[in-house]
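One structure is given below, encoded as structure tokens.
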Amino acid sequence: MDASALNSPDLQRFLNQEKEKAMVNEMVAKLTSVCWDKCITSTPGNKFSSSESACLSNCAQRYMDLTLIIMKRVQSMQ
């Protein structure tokens with residue numbers, strides 16, 4: 001592979017897509033860990049209680065909202 005191939009737009013686009021995928025995977029893992037620890041306080045059964053479901057939903061929504069706010073703030077600073 002020559003040096004010009006390393007700087008090709010297609011390669012850069014591919015690398016950016018892979019970085020975005022990794023960021024999404026990391027965010028989902030963090031969200032799962034944080035919300036699980038916060039909302040599931042006992043040994044889970046075969047389904048979540050209504051309060052656990054509501055807590056998980058609210059926690060995930062707050063996490064996503066905060067992440068979006070942070071991303072917008074970072075983009076505006078660049």
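Residue numbers count from 1 along this sequence.
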From OG (Ser57) to CZ (Arg62), nearest 0.5 Å | 9.5 Å
Cys35 SG to Asn58 CG distance, which is reported to the nearest 0.5 Å = 9.5 Å
Excluding sequence neighbours, so at least two apart, what forms side chain to side chain contact (heavy atoms under 4.5 Å, CB included) with Ser49?
-> Ser51, Glu52
Got a sec, which residues hit side chain to side chain donor-acceptor pair (under 3.5 Å) with Ser33, two or more places apart in sequence or on another chain?
-> none
Counting only pairs under 3.5 Å, give me each side-chain donor-acceptor contact of residues 21-29, with atom names and distances, residues two or more places apart or in other chains.
{"from": "Lys21", "atom 1": "NZ", "to": "Glu18", "atom 2": "OE2", "distance (Å)": "3.2"}
{"from": "Asn25", "atom 1": "ND2", "to": "Lys21", "atom 2": "O", "distance (Å)": "3.4"}

Under 3.5 Å, is there a donor-acceptor pair linking the side chains of Asp65 and Gln61?
-> yes
Remaining members of the apolar cluster that contains Leu56, side-chain heavy atoms under 4.5 Å | Trp36, Ile40, Phe48
Give the other cluster members for Leu66, using side-chain heavy-atom distances under 4.5 Å between Ile, Leu, Val, Met, Phe, Trp and Tyr residues; answer none if it is isolated.
-> Ile70, Val74
Is the gap between the SG atoms of Cys55 and Cys39 under 2.5 Å?
-> yes
Could I get the full list of side chain to side chain donor-acceptor pair (under 3.5 Å) partners for Asp10, not counting sequence neighbours?
-> Arg13
